[in-house]
2 protein chains.
Amino acid sequence: MKKNELMQYSCPLGKAMSALGSKWKPIIVLVIKDRKLRFGELAVRIHVISRKVLTDQLREMEADGLVIREEFKEIPPRVEYSLTEKGLALLPILYLLEEWETKYHVYDPDKVKECGVNSKKIKKTVV
Amino acid sequence: MKKNELMQYSCPLGKAMSALGSKWKPIIVLVIKDRKLRFGELAVRIHVISRKVLTDQLREMEADGLVIREEFKEIPPRVEYSLTEKGLALLPILYLLEEWETKYHVYDPDKVKECGVNSKKIKKTVV
DNA sequence: CAGGATCCACATCGATACTG
DNA sequence: CAGTATCGATGTGGATCCTG
């Protein structure tokens with residue numbers, strides 16, 4: 001997502017969407033939600049995402065002030081992610097979005113496919 | 001945005017984001033907001049977006065039940081777009097997002113750049 | 001006027017291999 | 001363990017030209 005192109009027309013909304021407008025960020029926020037998680041735990045919980053992309057997303061979210069990254073200088077390395085106040089403040093809005101989707105949901109088999117977490121399979125069959 | 005890959009882990013949120021998770025859709029919703037707009041009017045108001053992409057986005061939003069497309073068989077052609085109930089229901093959430101962004105906004109010159117509508121320039125200089 | 005069709009450039013994603 | 005580096009495939013956006 002080309003962030004810089006988002007900042008136009010409706011500025012605050014543009015910026016908001018640049019902070020969470022990616023595929024993964026809202027989901028990452030929901031996954032971290034209430035407890036610190038290590039990188040590996042995140043990777044397992046959202047294992048449809050490659051580790052590289054997960055890293056990228058987390059870095060951007062850190063830069064956007066959504067998550068806190070704590071690196072422990074240990075062997076083996078340990079890194080824990082948690083939500084900032086800003087990230088936490090996003091939760092109610094995400095819940096509203098879920099409600100909204102649930103309420104106005106029209107079942108469209110072409111779009112819904114499956115909701116399994118094992119997307120490898122989905123991806124292959126869908127694409 | 002590969003919509004099909006969004007439907008995992010957190011389903012309702014995934015679907016919600018697939019409906020408005022693109023760069024432009026939230027902005028389009030805000031622009032249409034309270035009155036019907038013709039295609040050309042939309043294109044002018046969001047003139048950073050190419051007409052092709054605007055068309056694509058509107059088509060997807062129509063399929064997602066966010067907007068209504070009314071085509072008048074006239075010469076010259078006229079097409080008017082308006083929000084569905086579902087699209088309207090999204091407005092308060094978008095306003096919350098704006099509030100959220102405004103409240104937690106941290107000024108980061110590397111990210112904010114400009115909020116001008118003339119993004120050609122922005123793009124060139126940024127990239 | 002509102003687009004459809006093409007073509008091209010560029011980003012982004014995913015897989016793999018490697019490192020401290 | 002938690003990344004980084006690299007490469008290739010895929011997707012997406014923009015520009016241009018064409019049509020009813």
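Residue numbering restarts at 1 for every chain, and letters A, B, ... go by the order of the sequence lines.
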Return the nearest nucleotide to the side chain of [X]; candidates are [options].
{"X": "A:Ser50", "options": "C:dG14, C:dG4, D:dG3", "value": "C:dG14"}
{"X": "A:Val53", "options": "C:dC13, D:dA2, D:dG13", "value": "C:dC13"}
{"X": "A:Thr55", "options": "D:dT4, D:dA2, C:dG3", "value": "D:dT4"}

Rounded distance in Å - [atom1] ([X]) to [atom2] ([N]):
{"X": "B:Leu37", "N": "C:dA2", "atom1": "CG", "atom2": "P", "value": "11 Å"}
{"X": "A:Lys52", "N": "C:dA11", "atom1": "NZ", "atom2": "C1'", "value": "10 Å"}
{"X": "A:Ile49", "N": "C:dT12", "atom1": "CD1", "atom2": "P", "value": "14 Å"}
{"X": "B:Leu58", "N": "C:dG3", "atom1": "CG", "atom2": "P", "value": "8 Å"}
{"X": "B:Glu60", "N": "D:dG11", "atom1": "CD", "atom2": "C1'", "value": "12 Å"}
{"X": "B:His47", "N": "D:dA15", "atom1": "NE2", "atom2": "C1'", "value": "17 Å"}
{"X": "A:Asp56", "N": "C:dA11", "atom1": "CG", "atom2": "P", "value": "15 Å"}
{"X": "A:Trp24", "N": "C:dT12", "atom1": "CH2", "atom2": "C1'", "value": "13 Å"}

Should A:Arg59 be listed as having a side-chain N or O under 4.0 Å from OP1 or OP2 of D:dG3?
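Yes, A:Arg59 has a side-chain N/O under 4.0 Å of OP1/OP2 on D:dG3.
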salt_bridge(A:Glu70, A:Arg78) N-O dist < 4.0 Å:
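Salt bridge: no.
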CG of B:Leu90 to OH of B:Tyr95: how many Å apart, nearest 0.5 Å?
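So the CG of B:Leu90 and the OH of B:Tyr95 are separated by 10.5 Å.
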Could you state the interatomic distance from OH (A:Tyr81) to CG (A:Leu58), rounded to the nearest 0.5 Å?
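Atom-to-atom, A:Tyr81:OH and A:Leu58:CG are 5.0 Å apart.
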If you take all heavy atoms of B:Val67 and B:Ile32, which pair is closest and at what distance?
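Where B:Val67 meets B:Ile32 most closely, the heavy atoms are CG1-CD1, 3.9 Å.
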Working for side chain to side chain contact (heavy atoms under 4.5 Å, CB included), residues B:Leu37 and B:Arg45
CA-CA 10 Å; B:Leu37 286 179; B:Arg45 282 170 171 71; 3.9 Å; yes
Interface residues of residues 68-81 of chain B with DNA chain C (non-hydrogen, below 4.0 angstrom):
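Under 4.0 Å from DNA chain C: B:Arg69, B:Pro76, B:Pro77, B:Val79, B:Tyr81.
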Hey, which of A:Leu88, A:Thr84, A:Leu83 is the one that makes side chain to side chain contact (heavy atoms under 4.5 Å, CB included) with A:Lys86?
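The passing option is A:Thr84.
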Show your working on side chain to side chain contact (heavy atoms under 4.5 Å, CB included) between A:Glu41 and A:Val31 and close with a plain yes or no.
CA-CA 10 Å; A:Glu41 298 178 295; A:Val31 170; over 6 Å; no
Any residue meeting salt bridge (charged side-chain N to carboxylate O under 4.0 Å, His left out) with A:Glu71, in chain and number order, not counting sequence neighbours:
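Per chain and number, A:Glu71 pairs via salt bridge (charged side-chain N to carboxylate O under 4.0 Å, His left out) with A:Arg69, A:Lys73.
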Can you tell me if CD on B:Glu62 sees more than 12 non-hydrogen neighbours from other groups inside 6.0 Å?
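Atom CD in B:Glu62 is crowded, with more than 12 foreign heavy atoms closer than 6.0 Å.
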Starting from the first five and the last five pairs of the helix from C:dC1-D:dG20 to C:dG20-D:dC1, work out the angle between the resulting helix axes, to 10 degrees.
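End axes: 50° apart.
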Mind checking B:Arg38 for me? I need base, sugar-phosphate or nothing, with any heavy atom below 4.0 Å counting as a touch.
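Here B:Arg38 touches the backbone only, sparing every base.
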